[in-house]
**Q** 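Here it is: the structure, laid out below.
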Amino acid sequence: MRLYVEVALPLPLNQAFSYTVPELWQERIKMGVRVLVPFGERILTGFVIEIRKKRLKKGLRLKEIKEVLDEKPVFSPFFLSFTRKLSNYYYSSWGELLQASLPPSYVIRSKTKIFLSEKGKEALWREKLPNKERLILNLLQKKAYTPFFLQKKYRIKNISSLLSQLSKKGLIHLRREMKKPVRRRLYLDPVPQRQLEIDFSLEKSLRTIVEQVSLKGEEKGFFNFLLFGPKNKRETVYFHLIKRVLVRKEKTLFLVPEISLSKCLIEKFENKLGKKVAILHSRMSERKRELEWQKIKDGEAAVVVGPRSALFSPIDNLGLIIVEEEHDDSYFQQEKPFYDARKGAWLRAREEKAILVYGSAMPTVGAFYRAKKGGYLLSLDKKEPKNNVLILEEKSKEGIVSLRFREKIRDRLKQGEQVLVFINRRGYAPLLICSKCNYIPKCINCDIALTYHKKEEKLICHYCNYYLPKMEVCPECGSKIIKMGGVGIEAVAEELKKSFPQNRIDSFTSDETETKKEQERIIRSFSRGKIDILVGTQLLAHQAALPSVSLIGILYPETMLALSDYRASQKTFQTIDLFMRPIRDDGQGEVIIQTALPYHFSIQAAASQDYISFFNHEIKLRRLMNYPPFSHVVGILFYGENLRTLARKSREFSAQVESIAKEVEILGPALAGVKRLRGVNRVQMILKAKKRKCLDEVLEETLKNVRLKKSICVFS
DNA sequence: AGCACGCCGACT
DNA sequence: GTCGGCGTGCTC
C-alpha cells in the first residue's frame with residue numbers, strides 16, 4: 001500500500017506539498033511529525049499535516065520523503081488546527097508559523113556551498129578572467145563558501161546567475177550540505193500532577209468572579225472573559241483560577257507583555273507554583289529555551305508563563321489561557337510570521353475548549369466593546385484613591401518646563417521628596433532646521449529627520465543608527481543659523497539642571513544607559529534617594545523596580561496623537577496611564593501633565609483615570625469613522641529597492657483590488673509613513689471592509705499576482 | 001525563500 | 001556582439 005502525505009514547509013508559500021512515503025517510514029509517519037523532504041535542489045524540514053491513501057492531485061511526479069524525524073508528533077491535532085487558522089487570519093504562512101513554534105535546532109535545512117574545481121584552480125593560473133570571477137575563485141582556494149556570504153562580501157546583486165555561469169564553465173561545483181538532524185529523545189508521557197496548595201484569602205466580590213469563570217471551566221467548552229480592573233485584584237483572581245484548573249489536572253498558559261517578565265514576576269510565580277511552572281522569555285539562551293520547551297512537551301509544566309511567543313508552547317490538556325495586560329502592544333508580532341497573540345489565544349482556546357481570560361485596567365477599545373456586547377465583561381470594583389492631577393497648557397515662552405510645574409518641583413524638593421519626569425523623546429531635539437533655507441538634515445537610508453544628540457555631539461537616525469557629526473553650518477546654504485525643532489529628554493534634563501543647580505538630576509534612556517547594569521544602578525540610586533529628579537522615557541516607566549514618588553511630570557504626551565493611526569488616542573491614553581503608575585497611592589501624590597492639547601479627550605480621561613469615559617468617547621469616533629471594532633482593516637506594506645517598480649506594481653495591485661472588490665474601501669497606495677527605511681523604499685495601502693470575508697476574498701484573489709516583497713498587517 | 005531561465009540595454 | 005541586470009516562474 002502506498003501512502004501519501006501533505007507537508008507544510010517553512011517558506012513564505014501558502015500551500016502544502018505532496019510526497020510519497022517509502023515503505024521504510026510508513027510505520028513512523030503520523031500527523032504532526034517532522035520530515036526531511038527534497039524541495040527543488042534543497043532539502044528542508046517539513047511538517048506532516050495530512051496523511052492520505054490516495055494522491056491529492058494527479059499528474060505530478062511526487063518525490064519521496066527522505067526521513068521521518070520524530071517518534072511522536074511534535075504538534076498535536078489541536079495545535080495544527082489552531083495554527084492553521086491563525087495563519088489564515090494573518091495571511092501568513094502556516095509552515096513558518098509551525099517553524100516558529102519549535103526550537104530552532106528542530107528545523108534544519110540544507111545549505112549550498114561552493115567549491116573550487118580542479119579546472120577552476122587551473123583557470124586561476126592560466127586564463128584571463130573577469131574581475132569578479134577571479135575574486136571569487138581566489139577566495140574559494142582557501143575553503144568553500146555559501147552564495148549568501150559571497151553576495152555580502154562582494155556586494156554582488158545577482159549571485160545566482162554568476163554562479164551558474166561559473167558552474168557551466170566547470171570552474172566551480174555546488175554541493176548541498178546538511179547538518180545531521182539531532183536525535184531527540186522520546187517524549188515522556190505526562191506525569192500525574194500533584195495538587196498544589198496556594199493559600200490566599202479571597203474577598204467576596206472576587207470570589208464571585210472566580211466561581212463564575214471556574215463554573216464555565218467545568219463545562220469543558222470554550223468561554224472567554226475580560227477581567228477589567230486593577231492589577232493586584234486581577235492577579236488574585238488569576239491565581240485562584242489557576243488553582244482550580246490544576247485541581248482538574250488541566251494546564252494553564254499565562255501570557256504577559258514582553259517587558260513585564262521581570263525577576264519580580266518570575267519569583268512570584270515560582271514561589272506560588274514551584275517547579276510546576278515553566279517560564280519562557282526572550283532573553284533566554286537558545287539552549288535554555290529548548291530545555292524549557294522539552295519540559296513543557298514532556299508534560300512536566302502545569303503552568304507556562306511567557307510573552308507572545310509562548311502562545312506556541314507545546315501544552316496539551318490546556319484548560320485556561322490568560323492574556324494579562326491585554327492592551328499591550330507587544331502581543332503583536334511586527335515581523336514575519338505576523339500574528340497577534342491576543343487573537344491567537346482566542347483561536348487556541350476555542351480549539352482546545354479552554355477558558356480564555358483577558359485582563360487589563362485599560363483594555364483595547366475593541367476588547368472592551370466586544371466584552372460588553374457579548375456579556376462577558378467582568379468588572380472588578382475599583383476604588384483607588386484619586387490622585388491630584390493637573391493639566392497645564394504648554395507656554396513656550398516659559399521654557400520647556402512651565403513655571404507652574406517648576407514651582408511644584410521646588411515645593412517637593414524642599415520637602416525632601418523625589419520627582420519623576422517623563423518625556424517620550426530621545427535625544428536633545430527631534431530635528432534641526434536651517435532658519436535661512438529651511439534645510440532639515442535627514443538620514444540617507446531612511447527619509448527621517450536626524451535627531452540631535454547633544455552629549456554625543458551627533459545627529460542620529462533612530463531607525464537605522466546612521467549618524468553625522470554635529471553641524472555648525474548648514475550644508476545647503478552655509479548659514480550658521482541652525483535652529484532646533486522640538487524637545488527631547490536631554491534638553492529637559494539640561495533645563496532642569498539649570499533651574500535646580502543644587503539638586504541631583506539624572507536621566508534614563510536607552511542612549512545613556514546602554515547596559516542593563518547601568519540601568520539597574522540608576523534605579524538603585526534613585527531608590528536610595530541619591531537622585532532628586534529622574535527624567536526618563538517609556539523605558540524608565542517600564543522598570544518594575546521603580547519606586548513610587550509624590551510628584552510626576554508628564555511632558556508633551558500628545559506626540560503620539562500626530563500619528564496617522566486610528567489607535568493614536570488609545571496609545572496616548574495608555575502612555576499617560578503608564579507614566580502615572582509610579583505615583584504614591586496615599587492620596588498625597590500629584591501628577592502634572594504639560595501639553596499643547598490640554599482639552600483632548602484622551603488626555604483629559606487619562607488625567608482623571610477614567611477609562612469608561614475614554615472608551616465612550618473613542619467608541620463613538622470609531623463608529624463614526626467606521627474603524628475597528630466596526631470594520632476590519634488590513635494594511636499592506638510593499639517594499640523594495642526600486643521605487644519605480646514599487647510604484648508601478650502597487651498601482652497595478654490596487655487597480656486589481658478595485659476591479660473585483662465590492663464593499664471594500666481602498667486607501668492608497670501611497671508612500672508609507674516612513675517612505676524609506678534602511679535603504680528600502682516603502683509603499684503602503686489600507687483596505688477596510690465591514691466584513692472580514694470581503695477582505696479575504698479579495699486578497700486571496702489578488703495577493704498571489706503581486707511580485708513584490710510585502711508585509712500584511714491585520715489591525716484590530 | 002532560493003534557484004533557474006529568458007529577455008533586454010551598455011559596454012569590452 | 002555578450003555580460004549582467006532583473007522580471008518571471010516553479011518548487012511536490
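Just so it is clear: chains get the letters A, B, ... in the order the sequence lines come, proteins before strands, and each one is counted from 1.
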**Q** Looking only at the side chain of A:Arg42 (C-beta and beyond, no hydrogens), which of the listed nucleotides B:dG2, B:dC3, C:dT8 gets closest?
**A**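 The nucleotide sitting nearest to the side chain is B:dG2.
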**Q** Taking NZ, NE, NH1 and NH2 as the nitrogens, is one of them in A:Lys111 or A:Glu177 under 4.0 Å from a carboxylate oxygen of the other?
**A**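 Here A:Lys111 does not pair with A:Glu177 in a salt bridge, since their nearest N and O are not under 4.0 Å apart.
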**Q** List, with names and distances, any nitrogen or oxygen atoms from the protein found under 3.5 Å away from nitrogen or oxygen atoms belonging to nucleotides 9-11 of chain B.
**A**
none

**Q** Measuring from atom NZ of A:Lys85 to atom CG of A:Asn88, what distance do you get when rounded to the nearest 0.5 angstrom?
**A**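 If we round to the nearest 0.5 Å, A:Lys85:NZ and A:Asn88:CG are 9.5 Å apart.
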**Q** How close or far is atom C1' of C:dC12 from atom CD1 of A:Ile49, stated in whole angstroms?
**A**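 The answer, rounded to whole Å, is 12 Å.
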**Q** Given atom CZ of A:Arg707 and atom P of C:dC6, what is their separation to the nearest angstrom?
**A**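 These atoms are roughly 14 Å apart.
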**Q** Counting only heavy atoms not in A:Tyr466 (residues, nucleotides, ligands), do more than 12 fall under 6.0 Å from its OH?
**A**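 Yes, because the 6.0 Å sphere around OH of A:Tyr466 holds more than 12 heavy atoms from other groups.
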**Q** Could you tell me how far apart A:Ile172 (CD1) and B:dC3 (P) are, to the nearest whole angstrom?
**A**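 My rounded result for the distance is 12 Å.
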**Q** Ignoring hydrogens and angles, state whether a donor on the side chain of A:Trp293 or A:Ser313 is under 3.5 Å from an acceptor on the partner side chain.
**A**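 Distance-only check fails for A:Trp293 and A:Ser313.
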**Q** For A:Ile315 versus A:Arg348, what's the shortest heavy-atom pair and its separation?
**A**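 Closest approach of A:Ile315 to A:Arg348: O-NH2, 3.2 Å.
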**Q** Hey, is the side chain of A:Thr645 poking within less than 4.0 Å of OP1 or OP2 on C:dC6, counting only N and O atoms?
**A**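 Answer no for this pair, as no side-chain N or O of A:Thr645 is under 4.0 Å from OP1 or OP2.
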**Q** Students often get this wrong, so: under 4.0 angstrom with heavy atoms, is A:Arg176 touching a base, only sugar-phosphate, or nothing?
**A**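 A:Arg176: backbone/sugar contact only, no base atoms under 4.0 Å.
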**Q** To the nearest Å, give me how far apart CD (A:Glu177) and C1' (B:dG2) are.
**A**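 The answer, rounded to whole Å, is 17 Å.
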**Q** Any carboxylate oxygen within less than 4.0 angstrom of a Lys/Arg side-chain nitrogen, looking at A:Lys691 and A:Glu663?
**A**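 Salt bridge flag = no for A:Glu663 with A:Lys691.
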**Q** Between A:Gln656 and A:Thr702, is any side-chain donor less than 3.5 angstrom from a side-chain acceptor?
**A**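 No.
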**Q** I need the CD1-P distance between A:Ile114 and B:dC3, as an integer number of Å.
**A**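 That distance rounds to 9 Å.
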**Q** Cation-pi between A:Arg109 and A:Phe39: NZ/CZ under 6.0 Å from ring centre and within 45° of the ring axis?
**A**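 Cation-pi check for A:Arg109 and A:Phe39: fails.
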**Q** Nearest whole angstrom, please: distance from the C1' of B:dA1 to the NZ of A:Lys336.
**A**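 Atom NZ in A:Lys336 sits about 7 Å away from atom C1' in B:dA1.
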**Q** Describe the nucleic acid contact of A:Lys111 in one word from base, sugar-phosphate, nothing, applying a heavy-atom distance below 4.0 Å.
**A**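 Nothing, no heavy atom under 4.0 Å.
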**Q** When we call it a touch if two heavy atoms are under 4.0 Å apart, what does A:Arg61 touch: a base, just sugar-phosphate, or nothing?
**A**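 Counting heavy atoms under 4.0 Å across all strands, the contact made by A:Arg61 is with sugar-phosphate only.
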**Q** Round to the nearest Å and state the distance from A:Tyr639 atom OH to B:dA1 atom C1'.
**A**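 That distance rounds to 11 Å.
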**Q** Between A:Lys709 (NZ) and C:dC6 (P), how many Å, whole number?
**A**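 So the two atoms are 12 Å apart, to the nearest Å.
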**Q** Should A:Lys649 be listed as having a side-chain N or O under 4.0 Å from OP1 or OP2 of C:dT8?
**A**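 So the side chain of A:Lys649 is within the cut-off, an N or O lying under 4.0 Å from OP1 or OP2 of C:dT8.
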**Q** Mind checking whether A:Phe638 and A:Phe653 have ring centres under 6.0 Å apart?
**A**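 A:Phe638 vs A:Phe653: aromatic centres under 6.0 Å.
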**Q** Using a 4.0 Å cut-off on heavy atoms, which residues in residues 2-20 of chain A reach DNA chain B? List them by number, or say none.
**A**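 Of all residues in residues 2-20 of chain A, the ones placing a heavy atom under 4.0 Å from DNA chain B are A:Pro12, A:Leu13.
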